[in-house]
Amino acid sequence: MPELPEVEVVRAGLEEHTVGATIAAVEVLHPRPVRRDPRGPQGFAAALIGHRIEAVRRRGKYFWLALEDGDALLGHLGMSGQFLLQPPDAPDERHLRVRLRLAGAPTDRELRFVDQRMFGGLSVSEGGAELPAEIAHIARDPLDLAFDEDAFVRRVRRSDSGIKRLLLDQTVISGVGNIYADEALWRSRLHAERIGSRLTRRQVFDLLGQVRVVMGEALAQGGTSFDALYVNVNGESGYFDRSLHAYGREGMPCDRCGAPIRRVAFMNRSSYFCPVCQRPPRGIRRKRPTSPN
DNA sequence: GTATGTACCTGTTTGC
DNA sequence: TGCAAACAGGTACATA
């Protein structure tokens, strides 16, 4: 489950190891990860071969390799995606979906897109080297120097949606997933269903600050997790050895007040929160998840 | 434009 | 032991 800090680690690793290399061959082993490319698997491959990687950029959880012809290879890791830089003789991964052979600096390598559940994907963005049109609607993320804090606060405070829904809305703020949303809300003592328009400026600014703290801590840890041989996002490790206060802690005592952390169904997934520190707004029925306990 | 619900996908875990 | 259902959740898309 890569979130923004993991994607940034991938971006930085790709930048270090692939800029200057040329895409020599492309092999699509499963059509689904290239489903968003209107050219189809063969056209996808043809649009990449022979082009040089000039930069690696990111917005939210999307990243792209900017090519010398002005196009871009746009990628998203989805739920379970990995982008691995491997020697060509390394055995294929079980869920290898797309293979890109690279020629040139620093050495010949394979860039492998591995994705078990295939929520992620790759596509060629025509003219997308600076910013792919496909993701122009994605807001900047809070690690972006050009992130507009005041605009974020205004957007939240004019909305009648719940605050967690707003945090997960990529047109409002990008890069925040379910885990970090729960963690930031716990730190800010805000319930997921507090209405944006009923929060004070100060509350929204504080929440934004906590989002940055959570991401910053993860980035500091993730930044040391890959070595020179491969660029790796591991969907298993990383999260759970990180200090989480809310996510996944159902029934365990709140680190602040000791009350048992609760889990409720929310948007087809789970929300974890402290029922004492994060009081629900009036009129919110507390739906239990479908499973017993 | 805004708000909300759902399909997509598969390995693992849980329940009967 | 074996099968079925639940579960994980980011995004695009449909609908109101």
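Chain identifiers are assigned alphabetically (A, B, ...) following the order of the sequence lines, protein sequences preceding nucleic acid strands; residue numbering begins at 1 within each chain. Keep in mind that the numbers below use all heavy atoms, side chains included, and drop hydrogens, waters and symmetry copies.
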S.K.: Measure the distance from CG on Asn268(A) to P on dC9(B) and round it to the nearest whole Å.
M.R.: 16 Å
S.K.: In whole Å, I'd like the distance from the CZ atom of Phe266(A) to the P atom of dT4(B).
M.R.: 10 Å
S.K.: Grab the N/O contacts between the protein and nucleotides 11-14 of chain B below 3.5 Å, and write none if there aren't any.
M.R.:
| from | atom 1 | to | atom 2 | distance (Å) |
| --- | --- | --- | --- | --- |
| dG11(B) | O4' | Gln116(A) | OE1 | 3.2 |

S.K.: What pair of heavy atoms forms the shortest contact from Leu122(A) to Gly75(A), and how long is it?
M.R.: CD2-CA, 3.7 Å
S.K.: Rounding to a whole Å, what distance do you find between Asp169(A):CG and dG10(C):C1'?
M.R.: 12 Å
S.K.: Check every strand shown and say whether Arg165(A) touches a base, only sugar-phosphate, or nothing at a heavy-atom separation below 4.0 Å.
M.R.: base
S.K.: Just grab all the salt bridge (Lys or Arg N to Asp or Glu O under 4.0 Å) pairs involving residues 165-174 of chain A, residues at least two apart or on different chains.
M.R.: none
S.K.: For a quick test of reading the model: is some side-chain N or O of Ser161(A) closer than 4.0 Å to OP1 or OP2 of dT4(B)?
M.R.: yes
S.K.: Enumerate the salt bridge (Lys or Arg N to Asp or Glu O under 4.0 Å) contacts for residues 28-46 of chain A, please, sequence neighbours excluded, ordered by first and then second residue.
M.R.: Asp37(A)-Arg39(A), Arg39(A)-Glu126(A)
S.K.: Could you tell me which residues satisfy side-chain contact (heavy atoms from CB on, under 4.5 Å) with Ile195(A), sequence neighbours excluded, listed by chain and number?
M.R.: Asp160(A), Ser197(A), Arg198(A)
S.K.: Kindly state which residues belonging to residues 150-160 of chain A come within less than 4.0 angstrom of DNA chain B, counting heavy atoms of the residue only, listed by number.
M.R.: Arg155(A), Arg158(A), Ser159(A), Asp160(A)
S.K.: Can you check the Ile195(A) CD1 to dT2(B) P distance for me, whole Å?
M.R.: 16 Å
S.K.: Take the protein atom CZ of Phe63(A) and the nucleotide atom P of dG10(C), then report the distance between them rounded to whole Å.
M.R.: 16 Å
S.K.: Does anything in residues 55-81 of chain A pair up under ring-ring contact (aromatic ring centres under 6.0 Å, His included), and if so which pairs, sequence neighbours excluded?
M.R.: Tyr62(A)-His76(A), Phe63(A)-Phe83(A)
S.K.: Treat primed atoms plus P, OP1 and OP2 as sugar-phosphate and everything else as base, then score nucleotides 11-16 of chain C 5' to 3': B for base contact with protein heavy atoms under 4.0 Å, S for sugar-phosphate contact only, - for none.
M.R.: BS----
S.K.: Can you name the residues that form a side-chain contact (heavy atoms from CB on, under 4.5 Å) with Glu134(A), not counting sequence neighbours?
M.R.: Leu74(A), Ser125(A), Pro132(A)
S.K.: I'd like to check the side-chain contact (heavy atoms from CB on, under 4.5 Å) partners of Asp206(A); sequence neighbours left out, ordered by chain and number.
M.R.: Ser188(A), Gln210(A)
S.K.: Mark yes or no for whether Glu8(A), through its side chain, and Leu4(A), through its backbone, hold a donor-acceptor pair below 3.5 Å.
M.R.: no
S.K.: Any chance CD of Glu27(A) has more than 12 other-residue heavy atoms, nucleotides or ligands included, within less than 6.0 Å?
M.R.: yes
S.K.: Assess the residue pair His51(A) and Glu68(A) against the criterion (side-chain hydrogen bond (donor to acceptor under 3.5 Å, both in side chains)); give the C-alpha distance rounded to whole Å, side-chain angles, the decisive distance to 0.1 Å, and a yes or no.
M.R.: CA-CA 6 Å; His51(A) 294 294; Glu68(A) 101 291 336; 3.1 Å; yes
S.K.: Considering all heavy atoms of both residues, which atom of Gly121(A) and which atom of Phe113(A) are nearest to each other, and what is their separation?
M.R.: N-CZ, 3.7 Å
S.K.: Let me know the distance between CG of Asp115(A) and P of dA8(C), rounded to the nearest Å.
M.R.: 19 Å
S.K.: Compute the angle between the rotation axes at the two ends of the helix from dT2(B)-dA16(C) to dC16(B)-dG2(C), each taken over five pairs, rounded to 10 degrees.
M.R.: 60°
S.K.: Considering residues at least two apart in sequence or located in another chain, which fulfil the side-chain contact (heavy atoms from CB on, under 4.5 Å) criterion with Ser174(A)?
M.R.: Ile138(A), Asp141(A), Gln170(A)
S.K.: Report the distance from atom CE of Met79(A) to atom P of dA7(B), rounded to the nearest whole Å.
M.R.: 17 Å
S.K.: Mind jotting down which residue pairs meet the salt bridge (Lys or Arg N to Asp or Glu O under 4.0 Å) criterion with at least one end in residues 252-261 of chain A? Sequence neighbours excluded, please.
M.R.: Arg249(A)-Asp255(A)
S.K.: Pick from Arg99(A), Gln86(A), Gln82(A): which one makes a side-chain hydrogen bond (donor to acceptor under 3.5 Å, both in side chains) with Glu93(A)?
M.R.: Gln86(A)
